[in-house]
Number of protein chains: 2
Amino acid sequence: MVTIKDVAREAQVSVATVSRVLNNQGYVHEDTRVKVEGAIKHLQYRPNNVARSLFKKRSKMIGFIVPDITNPYFPQLVRAVEDVTNKAQYTTFLCNSDENLKKELMYLESMQENHIDGAIIVSNTLQLQHVDNVNIPIVALDRFFHDRIPSVTIDNYNEARKAVRYMLDRGCKRIAHIKGPEYIENSKLRQMAYEDEMRENMLPSIICNGEYHLKKSEKALIDLLMLYPTIDGVFAGNDVMAVGALKAASRLELKVPDDLSIVGFDGIEWTETVSPEITTMEQPIYEMGKRAATMLLELIDGKGINDDHVVYDTKLIERETTKKQ
Amino acid sequence: MVTIKDVAREAQVSVATVSRVLNNQGYVHEDTRVKVEGAIKHLQYRPNNVARSLFKKRSKMIGFIVPDITNPYFPQLVRAVEDVTNKAQYTTFLCNSDENLKKELMYLESMQENHIDGAIIVSNTLQLQHVDNVNIPIVALDRFFHDRIPSVTIDNYNEARKAVRYMLDRGCKRIAHIKGPEYIENSKLRQMAYEDEMRENMLPSIICNGEYHLKKSEKALIDLLMLYPTIDGVFAGNDVMAVGALKAASRLELKVPDDLSIVGFDGIEWTETVSPEITTMEQPIYEMGKRAATMLLELIDGKGINDDHVVYDTKLIERETTKKQ
DNA sequence: CGATCATGTGTAACCGGTTACACAAATTTT
DNA sequence: AAAATTTGTGTAACCGGTTACACATGATCG
């Protein structure tokens with residue numbers, strides 16, 4: 001391995017001078033700079049970032065904890081974060097927590113040990129106390145974390161109400177809801193929104209559990225539709241379950257949207273891969289990832305952030321699973 | 001930050017002793033061990049992995065270069081790699097190359113600078129020379145790289161022939177192929193297999209270009225079917241394009257599989273989210289990721305690997321887009 | 001009972017960078 | 001022309017660990 005000493009010897013200067021050239025700071029005579037750069041090129045020298053991190057206490061790495069990268073909501077988020085951080089010369093390391101506190105804590109420790117400069121976290125299980133003794137900037141993404149932890153989210157409650165209201169506007173009366181897991185705050189908020197909107201319209205709520213899971217929501221909806229065949233609309237707690245709902249309709253040979261309207265939530269690509277394409281509340285997923293990453297970099301650079309809690313709007317994408325006005 | 005010196009002072013021993021306790025090696029008296037462990041717990045000490053890496057020249061980090069994490073083939077691969085490497089106390093850092101040589105080289109450099117212990121690479125653009133001056137173990141995944149670089153792949157050519165043969169067996173005669181990008185070796189092999197299998201059965205080839213892209217393949221197939229409405233089968237170069245083909249059929253109100261059979265390739269989850277579910281040649285994606293990661297760890301540990309080039313079989317999953325025998 | 005070996009611990013060099021500080025030479029200011 | 005400042009470079013301490021080596025003590029053995 002070529003070290004800074006080798007370069008110094010080759011260029012007949014001290015290591016300090018080489019370091020100055022590398023970091024482009026302090027005084028270096030033009031002739032010396034040329035000599036050193038020549039030596040660097042000649043020896044194919046690459047500075048050792050580990051040594052550098054040790055001294056500077058900056059690793060140029062950030063961590064990203066997601067529940068599960070195979071969940072189709074997350075790849076875009078990861079991509080966005082990577083795009084931003086890489087542009088700023090940071091590398092991202094990825095952790096799948098499976099919504100499991102133990103794993104999350106393990107990852108946080110590992111991040112600490114590796115001198116990570118900051119972290120982005122999608123979690124409902126982590127508590128303030130857990131991240132408090134990790135002494136690095138943290139941004140919460142997709143899920144609100146704590147007043148003191150900056151976050152990038154959407155307003156799940158109000159956007160979900162909009163979705164239900166839209167279905168009501170389009171003439172649905174007997175709308176069912178496929179809910180996600182209760183321990184996920186977002187999922188709970190969407191359910192509450194559905195219930196409140198229905199209640200305010202003097203309509204009964206009817207809910208089944210899809211667990212954020214395609215097959216489970218398909219099965220749950222089939223069972224529900226057998227019991228209550230007059231259901232004319234389904235608001236799914238997320239797109240994965242909306243796809244499940246569509247499959248259920250297909251199994252039961254219901255026409256979508258004529259017999260049954262379906263609205264999803266999230267705006268993942270799956271909703272466009274199926275026929276008919278699914279109407280959904282689209283989150284600006286990539287944009288959210290970008291924003292979180294940008295905020296994190298600012299925090300790392302010690303810049304205060306103006307709006308610590310960014311809340312994005314969703315966009316109703318009218319597709320083929322709801323009736324046109 | 002609590003350092004090893006703080007612990008040494010607290011436990012009234014030398015740093016060497018603390019280090020011995022931490023690494024569980026060398027002689028340490030039981031009483032001393034207890035004292036040190038007490039101090040560690042008391043001070044909440046966590047060793048600094050950066051310092052450790054600097055001396056040991058082992059960072060306990062591995063790199064993973066994929067073309068694009070938002071491509072639905074890759075998340076499972078990433079997940080598998082992470083699961084294996086994390087179990088061995090490694091962290092994984094992820095890089096999206098966009099099949100772009102410049103980015104790949106940039107990432108390789110960054111890995112070198114960060115003293116990465118090894119890398120897994122999905123690439124067609126990188127050449128041996130590029131990875132040769134990076135002096136770390138490398139495993140190629142999904143795509144064959146070079147004789148000297150261990151790899152985990154499938155036999156694209158023969159498995160694709162099986163797929164076409166299966167369609168012929170099921171009575172399809174006028175089978176078209178939606179091909180992927182030519183610069184991707186796997187895609188080229190699958191196309192060749194299609195052509196060879198058709199030729200050997202005295203049947204003409206008919207090919208359109210889907211670019212591994214849903215919308216493009218949908219459009220390409222619609223155009224093709226307009227010109228040649230008697231096509232009775234489509235072998236898609238991957239599942240994403242098979243989904244596109246299914247949408248095309250739906251647009252043209254063709255019945256699948258009665259009017260048109262469709263077979264995909266890869267075995268990604270998308271094929272199960274649509275109706276009808278798509279028949280596909282399933283790759284053991286998770287298994288492949290696991291294997292590649294395991295091989296890499298062995299290489300890092302200096303163990304020679306017996307079979308440097310692992311080739312997995314695919315499995316024909318008969319679903320609803322092909323006729324039952 | 002002296003030699004040999006296992007056990008237990010500390011000192012200091014080392015990993016590969018960065019930078020505070022010292023100092024000399026060149027340049028500018030007064 | 002002397003003083004002050006800017007420019008250019010090297011020495012050595014430092015970041016937080018690991019480990020070779022030295023040394024002391026106690027146990028084992030012929």
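Below, read A as the first sequence line, B as the second, and so on, with proteins coming before strands; counting in each chain starts at 1.
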Does a side-chain N or O of [X] approach OP1 or OP2 of [N] to a distance below 4.0 Å, or not?
X	N	answer
B:S19	D:dT19	no
B:S53	C:dC15	no
A:Y27	D:dT7	yes
A:N23	C:dT18	yes
B:Y45	D:dG17	yes

Please check if the number of heavy atoms outside [X] that lie under 6.0 Å from its [atom1] is greater than 12.
X	atom1	answer
A:E269	CD	no
B:K103	NZ	yes
A:K188	NZ	no
A:E182	CD	no

Pair of N/O donor and acceptor under 3.5 Å linking C:dG8 base with B:R33 side chain: no
Options [options], nucleotide nearest the side-chain atoms of [X]:
X	options	answer
B:R52	D:dT18, C:dT19, D:dG16	D:dT18
B:T32	D:dG17, C:dT9, D:dG10	C:dT9
B:R20	C:dG8, C:dG10, C:dC15	C:dG10

Sugar-phosphate, base or nothing in reach of B:Q25, heavy atoms under 4.0 Å: sugar-phosphate
B:K57 or B:H29, whichever maps to the more 5' nucleotide of DNA chain C: B:H29
Closest-nucleotide 5' rank along DNA chain C - winner of B:V13 and B:K56: B:V13
Taking every non-hydrogen atom, the tightest pair across B:V122 and B:E104: O-OE2, 4.4 Å
Nearest heavy-atom neighbours spanning B:A11 and B:A39: CB-CB, 3.9 Å
Roughly, in whole Å, what's the span from [atom1] in [X] to [atom2] in [N]?
X	N	atom1	atom2	answer
B:I4	D:dC14	CD1	C1'	16 Å
B:M1	D:dC14	CE	P	18 Å
B:F55	D:dC15	CZ	C1'	15 Å
A:K60	C:dG17	NZ	P	17 Å
A:H115	D:dG17	NE2	C1'	11 Å
B:N24	C:dG8	CG	P	13 Å
B:E113	C:dC15	CD	P	20 Å
B:R9	C:dG10	CZ	C1'	16 Å

5′-ward residue of the pair A:T17/B:L54 relative to DNA chain D: A:T17
B:R46 vs A:Q12, nearer the 5' end of DNA chain D by closest nucleotide: A:Q12
